[in-house]
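Encoded as structure tokens, the structure appears first; notes follow it.
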Amino acid sequence: MDARQLKVEAARAALAHVSDGMRLGIGTGTTAEEFVRLLAQKVATGFTIVGVPTSERTAILCRELGVPLSDLEETPELDLTIDGADEVDPELTLIKGGGGALLREKIVAAASARMIVIADRSKMVETLGRFPLPIEVNQFGLRATEIAVGAAAAGLGLSGPVTLRMTGSQPFVTDGGHFILDASFGRIPDTRALSNALHAIPGVVEHGLFIGLASAAIIAGGDGIQTVHAARKPGSSTDHDVA
Ligand SMILES: O=C[C@H](O)[C@H](O)[C@H](O)COP(=O)(O)O
């Protein structure tokens, strides 16, 4: 099975958790897009859901395929969010934001009673950090924020290049109008400490560590589907908690 087929299988397994009438957070990225395609097929047969997209990109695909949409103003509490991830560890702490949607994704996940992550097995790691950590920052004071991010990491014994994400010759701009710094710190043994340190920097809008948000991960591999459940009650401890 190729990588795309694995994403489709994870998305298909997640669809089984979607019930008629649900208020659904809809993620961003290539895996989430496979979910949208399958969801649209179900909607076409009369299945009723309302979706809150986590990016303009996802909203466009949903509209094209006829998936009914709402937003968090109209529908501030969601039953379930289905989203992809860049890395997933055994505790279901995630790195997200490879597609630049981490801020809206985190807001939507936090507004959901449950979050199910869908991914192919290549995203499972023992310790997060192989994938550079996306950090969404205000455009104002970019250089100062970049230096503060490096210093915060150094305080935790982490180091590595922090680079401004580009699209061609221009900085990548998120749906919220911010920039993204990609931080290649390598292994992140204490995700909560890094989360707290990054949140203490005024120019940091949000970061791509999702702690305590995922309830389950549906992981597709060549040998089938594995569902990993979170050990703790989701929402009881989030990445905004002080350690
Ligand atoms: O900002 C993008 C998101 O966090 C994506 O969910 C993540 O990058 C995974 O994307 P993909 O399914 O394309 O690997």
Side-chain angles (χ1 to χ4, degrees), residues 1-15 24-39 51-62 78 80-89 92-112 114-125 128-137 163-167 171-184 188 191 195 198 204-221 225 239:
M1 230 184 270
D2 67 20
R4 174 157 182 265
Q5 284 171 311
L6 293 176
K7 292 175 189 185
V8 172
E9 288 316 311
R12 197 187 311 283
L15 195 61
L24 208 56
I26 304 179
T28 296
T30 54
T31 317
E33 283 167 9
E34 298 302 343
F35 174 75
V36 172
R37 290 190 185 94
L38 294 170
L39 181 65
V52 171
T54 54
S55 63
E56 296 304 323
R57 170 178 154 184
T58 294
I60 289 167
L61 182 65
C62 287
L78 305 176
L80 175 65
T81 288
I82 309 282
D83 201 349
D86 298 301
E87 279 188 352
V88 183
D89 82 3
L92 301 192
T93 300
L94 317 171
I95 286 183
K96 286 183 54 55
L102 65 103
L103 176 59
R104 291 191 185 185
E105 288 177 332
K106 197 177 279 192
I107 293 170
V108 168
S112 300
R114 288 188 300 142
M115 176 194 194
I116 296 179
V117 177
I118 49 177
D120 63 85
R121 189 156 295 145
S122 69
K123 306 289 186 66
M124 285 297 289
V125 296
L128 297 177
R130 187 179 59 199
F131 192 91
L133 178 66
I135 304 170
E136 185 155 349
V137 298
T163 56
L164 180 64
R165 189 179 297 182
M166 304 294 286
T167 309
F172 174 87
V173 179
T174 68
D175 286 344
H178 307 122
F179 288 162
I180 300 263
L181 295 174
D182 289 304
S184 301
I188 306 171
T191 51
S195 170
L198 292 174
V204 169
V205 178
E206 193 47 86
H207 58 71
L209 288 169
F210 281 47
I211 305 173
L213 285 167
S215 338
I218 295 177
I219 306 296
I225 296 283
D239 58 0

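Whatever order the structure lists ligands and atoms in, that order sets their numbers, starting from 1. Only this structure's heavy atoms are used, side chains among them; waters, hydrogens and symmetry mates stay out.
In this structure, the protein non-hydrogen atom closest to atom 3 (C) of ligand 1 is E105 OE2, 2.9 Å. Scanning the protein heavy atoms around atom 14 (O) of ligand 1, the nearest turns out to be K123 NZ, 2.7 Å. For atom 10 (O) of ligand 1, the closest non-hydrogen atom of the protein is G29 CA, 4.0 Å.
For ligand 1, the atoms sitting less than 4.0 Å from at least one non-hydrogen atom of D86 are 7 (C), 8 (O), 9 (C), numbered in the order shown with element in parentheses. Residue-ligand proximity, D83 to ligand 1, at heavy-atom distances under 4.0 Å covers atoms 6 (O). Near G98, the atoms of ligand 1 lying under 4.0 angstrom from a non-hydrogen atom of the residue are 1 (O), 2 (C), 8 (O). Atoms of ligand 1 found under 4.0 Å from any heavy atom of T31, numbered from 1 in the order shown, are 11 (P), 12 (O). For ligand 1, the atoms lying closer than 4.0 Å to a non-hydrogen atom of G84 are 6 (O).
We find that E136 and R104 are not joined by a salt bridge, their nearest charged nitrogen and carboxylate oxygen being 4.0 Å or further apart.
Listed for the D120 side chain is no donor-acceptor partner under 3.5 Å among the backbone atoms of L6. Judged purely by atom type and a 3.5 angstrom limit, E105 has no side-chain atom pairing as donor or acceptor with the backbone of G27. When atom types are taken as modelled, the side chain of D83 and the backbone of A32 share no donor-acceptor pair closer than 3.5 angstrom. The closest donor-acceptor contact from the side chain of T58 to the backbone of P53 lies at 3.5 Å or more, if one exists at all. With hydrogens and angles ignored, the 3.5 Å screen pairs no side-chain donor or acceptor of T174 with any backbone N or O of F179. Looking at K106, its side chain does come within 3.5 Å of a backbone N or O of L209 through a donor-acceptor pair.
An N or O contact shorter than 3.5 Å is missing between K7 and ligand 1 by distance. Considering backbone and side-chain N/O atoms, G99 comes within less than 3.5 Å of an N/O atom of ligand 1. The shortest N/O to N/O separation between G100 and ligand 1 falls below 3.5 Å.
Residue contacts with ligand 1, taken as heavy atom pairs separated by less than 4.0 Å, involve A85 solely via the backbone atoms N, CA, C and O.
Heavy-atom neighbours of R121 CZ from other residues, nucleotides or ligands within 6.0 Å: above the threshold of 12.
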Quick one: do E34 and E9 satisfy side chain to side chain contact (heavy atoms under 4.5 Å, CB included)? Show the steps, please. CA-CA 9 Å; E34 298 302 343; E9 288 316 311; over 6 Å; no
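If you check each of I180, T28, T30 against atom 13 (O) of ligand 1, the one with the closest non-hydrogen atom is T30.
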